[in-house]
2 protein chains.
Amino acid sequence: MEKIITYKSLYSFTEKIFLAIGCSPEHAALAADVLLQADLRGVDSHGTARLSGYVRLWEVGRVNTQPQIKITYETPSTAVVDGDRGLGLVVAPFAMKVAMEKANNVGTGWVSVKNSNHFGIAGYHAMMALENDMIGIAMTNASALVAPTNSKERMLGTNPIAVAVPADNEPAFVSDMATAAAANGKLEIAQRKGYDIPEGWAQTLDGTPTIQSDILKHQGALLPLGSDEKHGSHKGYCLASVVDIFSAVLSGASYGPWAPPFPAYVPLPTNMPGEGLGHFLGAMRVDAFRPAVEFKKEMDHWISRFREAKPIVPDKKVLIPGDPEREMTAIRMKDGIPINDIVWSDLEDLSTRFHIKLI
Amino acid sequence: MEKIITYKSLYSFTEKIFLAIGCSPEHAALAADVLLQADLRGVDSHGTARLSGYVRLWEVGRVNTQPQIKITYETPSTAVVDGDRGLGLVVAPFAMKVAMEKANNVGTGWVSVKNSNHFGIAGYHAMMALENDMIGIAMTNASALVAPTNSKERMLGTNPIAVAVPADNEPAFVSDMATAAAANGKLEIAQRKGYDIPEGWAQTLDGTPTIQSDILKHQGALLPLGSDEKHGSHKGYCLASVVDIFSAVLSGASYGPWAPPFPAYVPLPTNMPGEGLGHFLGAMRVDAFRPAVEFKKEMDHWISRFREAKPIVPDKKVLIPGDPEREMTAIRMKDGIPINDIVWSDLEDLSTRFHIKLI
């Protein structure tokens with residue numbers, strides 16, 4: 001049975017847990033905001049479901065809750081940020097602010113980040129740009145779960161790419177996607193419900209297609225977007241590689257199969273070529289191309305035309321990237337956030353341990 | 001029966017055709033170079049197979065062979081370029097040079113282009129950055145052939161994204177991919193050979209999955225990368241949309257279903273919201289992030305590790321993006337470029353018409 005908790009209660013609990021593990025008030029509030037936005041938007045795998053995971057990383061010393069995040073190198077439109085092993089939840093917003101300052105000055109800003117940890121949903125960081133009439137871009141590498149085309153070895157994370165584009169009267173265009181055919185969270189849901197997964201999501205340890213939802217526990221791998229070569233899996237492999245290179249090779253983070261794992265019980269890879277996880281954040285001022293009002297009105301036109309695309313099934317309309325998450329946010333702000341048994345039990349454990357009331 | 005022609009002969013013929021339709025010597029050489037690189041790299045659909053198409057666009061006045069390509073707006077890291085209805089084959093390299101100059105000055109450069117035409121292979125323009133130790137990015141919108149998830153209407157082009165990343169001893173990483181499950185060229189090949197296409201590439205006019213290779217002639221549509229919703233077609237739709245927005249909404253080109261068609265006999269859409277096709281070109285100096293030598297050595301390490309990924313089938317190794325095209329280039333420089341019957345007949349027609357010897 002899942003529990004329902006209000007946004008306010010869950011936010012408050014999460015913030016207090018981050019305070020309890022040593023975050024500054026500012027960082028605790030920010031980290032809670034990033035996680036809660038995932039829960040609100042319906043990306044349940046990336047919200048408070050991960051709170052206990054972040055705590056465990058802190059316990060084993062892989063997360064520094066009082067990081068000195070700093071710019072280690074910069075030009076007018078670029079920077080490298082060292083996250084000092086901080087929570088990606090606070091390191092990425094720091095880097096995105098740097099990108100936006102640079103965009104203010106020279107039109108665009110691009111920041112590659114090393115020595116960080118998982119940053120929650122990519123969309124959060126991309127969307128930071130919207131209020132400044134900027135296009136926001138966010139990507140991150142992650143521990144290897146995805147096998148490139150022809151490979152039986154896991155070499156890349158589900159390496160998401162998010163792009164947020166402001167509009168005028170229409171809500172913003174917000175694309176936020178893993179570069180795998182299906183993100184890990186979808187396999188976890190299938191596992192919990194005892195369902196098989198569709199062919200095209202995963203393969204076994206020897207590279208055979210499988211519908212087994214717990215295959216990652218048996219050294220299987222996720223497949224890149226495209227699923228198989230005939231349907232363009234090499235394109236998903238290309239995209240995940242670009243994310244890995246921009247996030248980690250540009251910054252000096254660890255990449256490919258050496259990206260550090262999220263579960264604290266999984267040992268760090270040996271011979272890591274860089275420091276921690278990497279992210280890549282970008283901001284482009286729209287008025288560095290054309291007047292912002294003009295651009296945003298054109299985006300309204302783009303969006304309304306796509307909404308009017310003739311649907312295959314009359315009552316299943318064509319969506320604009322960001323629509324489902326925005327609708328989910330409205331529902332969950334009103335009705336509360338559903339939390340499944342396993343996550344609820346994790347949260348209760350944190351509650352007991354840190355003497356922080358959950359509801 | 002296909003004919004074989006040497007690189008040199010085909011280049012010379014192509015250059016002369018461009019001269020014959022009024023291009024300057026500089027533009028004719030550049031346009032021929034861009035087309036021939038497609039033929040060499042094995043992207044047969046985007047090379048001289050399109051030469052007669054460009055000529056027809058010139059005939060109907062949609063291509064201006066003596067364009068005044070100019071920057072209409074700029075900031076230190078951005079620009080908008082007006083292609084003056086020129087060949088995308090020369091407009092895009094102009095814009096890429098602007099991007100590289102800006103990258104020289106402030107670390108990165110980003111150029112959105114309007115009023116252009118088809119630019120050949122995206123990879124050509126991205127690869128221009130390599131010799132300057134820059135990462136190159138190129139994308140373009142194109143006439144609508146792809147139906148978004150849930151749509152039976154064609155709304156987006158096969159909108160490719162190319163990313164080129166320099167390495168040191170290893171050849172560069174060059175990813176160049178359509179954001180559709182399969183590009184139009186693959187359907188044309190199947191048609192010519194009388195084969196069916198795999199499910200997941202296309203749908204009929206009413207949105208039903210199909211294996212009919214000539215479905216585009218019957219108002220069918222290509223499917224986004226991911227093929228169906230279960231396998232992430234919404235992600236391919238997101239990617240194609242981002243390409244459309246960066247290339248056309250930022251610049252003021254025509255977008256979505258209004259992108260101008262390549263075949264000269266297809267009337268231009270009515271109520272076009274912008275001018276011509278749009279492109280988006282980016283350049284990032286790698287030493288705007290870390291010393292170039294260090295970065296390139298790290299890329300060598302990335303590449304060699306991915307080459308060593310355990311293959312599923314022992315003799316089918318994991319490839320690095322750019323490998324197949326580089327190998328094809330070596331073969332075709334040596335053995336010549338195969339040209340199919342239909343294209344050969346088109347080239348012969350051009351030869352007759354412009355009194356230019358083909359071989």
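Protein chains get the first letters and strands the later ones, always in sequence-line order, with residue 1 at the start of each.
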Take Y255(A) and F306(B), measure what side-chain contact (heavy atoms from CB on, under 4.5 Å) needs, and give me the verdict at the end. CA-CA 11 Å; Y255(A) 46 76; F306(B) 276 73; 5.6 Å; no
After noting the C-alpha distance and the side-chain angles of R305(B) and M155(A), does the key distance pass the side-chain contact (heavy atoms from CB on, under 4.5 Å) rule? CA-CA 9 Å; R305(B) 179 64 186 87; M155(A) 297 294 285; 3.6 Å; yes
Run the numbers on V242(B) and F173(A) for side-chain contact (heavy atoms from CB on, under 4.5 Å), then give the verdict. CA-CA 9 Å; V242(B) 167; F173(A) 171 106; 3.8 Å; yes
Full working for side-chain contact (heavy atoms from CB on, under 4.5 Å) between E229(B) and K316(A): CA-CA 13 Å; E229(B) 202 167 354; K316(A) 206 171 170 192; 3.3 Å; yes
Decide yes or no on ring pair (Phe, Tyr, Trp, His ring centres under 6.0 Å) for W110(A) and W110(B), but give the supporting numbers first. CA-CA 11 Å; W110(A) 307 88; W110(B) 307 89; 4.3 Å; yes
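The line from CE of M284(B) to OG1 of T75(A) is 11.0 Å long, rounded to the nearest 0.5 Å. Put simply, OG on S175(A) and CG on L239(B) are 6.5 Å apart, with the number rounded to the nearest 0.5 Å. Here the NZ-OG distance, from K230(A) to S227(B), works out to 10.0 Å after rounding to the nearest 0.5 Å. Taken from CD in E298(A) to CD1 in I245(B), the straight-line distance is 11.5 Å, to the nearest 0.5 Å. Atom CG of N150(B) and atom NZ of K317(A) lie 11.5 Å apart (nearest 0.5 Å). Rounded to the nearest 0.5 angstrom, M299(A) CE and L250(B) CG are separated by 9.0 Å.
The part of E199(A) that comes within reach of chain B is its backbone (N, CA, C, O), which places non-hydrogen atoms under 4.5 angstrom from that chain. Only the backbone of A79(A) comes within less than 4.5 Å of a heavy atom of chain B; no side-chain atom from C-beta onward does. Residue R285(A) touches chain B through its side chain alone, counting heavy-atom pairs closer than 4.5 Å. Heavy atoms of V163(A) lying under 4.5 Å from chain B belong exclusively to its side chain. For chain B, the nearby parts of I320(A) are the backbone and the side chain; heavy atoms of each come within less than 4.5 Å. Residue I71(A) does not touch chain B at all, counting heavy-atom pairs closer than 4.5 Å. For S241(A), the parts lying near chain B are the backbone and the side chain together; criterion is any non-hydrogen pair under 4.5 Å. Only the side chain of Y73(A) comes within contact range of chain B, with at least one heavy atom under 4.5 Å from a heavy atom of that chain. Heavy atoms closer than 4.5 Å to chain B are found in the backbone of D287(A), but not in its side chain.
Nearest approach of K310(B) to E153(A), heavy atoms of both residues: N-OE1, 2.9 Å. Pairing each heavy atom of I312(B) with each of K152(A), the nearest pair is CG1-N, 3.6 Å. In terms of heavy-atom proximity, P148(A) sits nearest to V318(B) at CB-CG1, 4.1 Å. Nearest approach of P198(A) to H231(B), heavy atoms of both residues: CB-NE2, 4.3 Å. Closest non-hydrogen pair, M177(B) versus C238(A), comes out as SD-CB, 4.2 Å.
For the residue pair T108(B) / S77(A), a side-chain donor-acceptor distance below 3.5 Å is found, with atom types taken as modelled.
Of the listed residues (A288(A), P321(A), A309(A)), the greatest number of heavy-atom pairs within a distance under 4.5 Å of chain B belongs to A288(A). Of all the listed residues (G226(A), A180(A), A178(A)), the one sharing the greatest number of non-hydrogen pairs under 4.5 Å with chain B is A178(A). Contact count versus chain A (heavy atoms, under 4.5 Å) is highest, among V111(B), N105(B), L156(B), for L156(B). Contact count versus chain B (heavy atoms, under 4.5 Å) is highest, among A147(A), P273(A), G256(A), for P273(A). Ranked by heavy-atom pairs shorter than 4.5 Å toward chain B, the options G252(A), P76(A), G207(A) are led by P76(A). Per-residue heavy-atom pair counts under 4.5 Å with chain A were compared for G109(B), G232(B), S151(B), and the maximum is reached by S151(B).
Note on ring orientation: taking the six-membered ring where Trp is involved, the planes of F289(B) and F280(A) are tilted (angle from 30° to 60°).
With hydrogens and angles ignored, the 3.5 Å screen pairs a side-chain donor or acceptor of R290(A) with a backbone N or O of V249(B).
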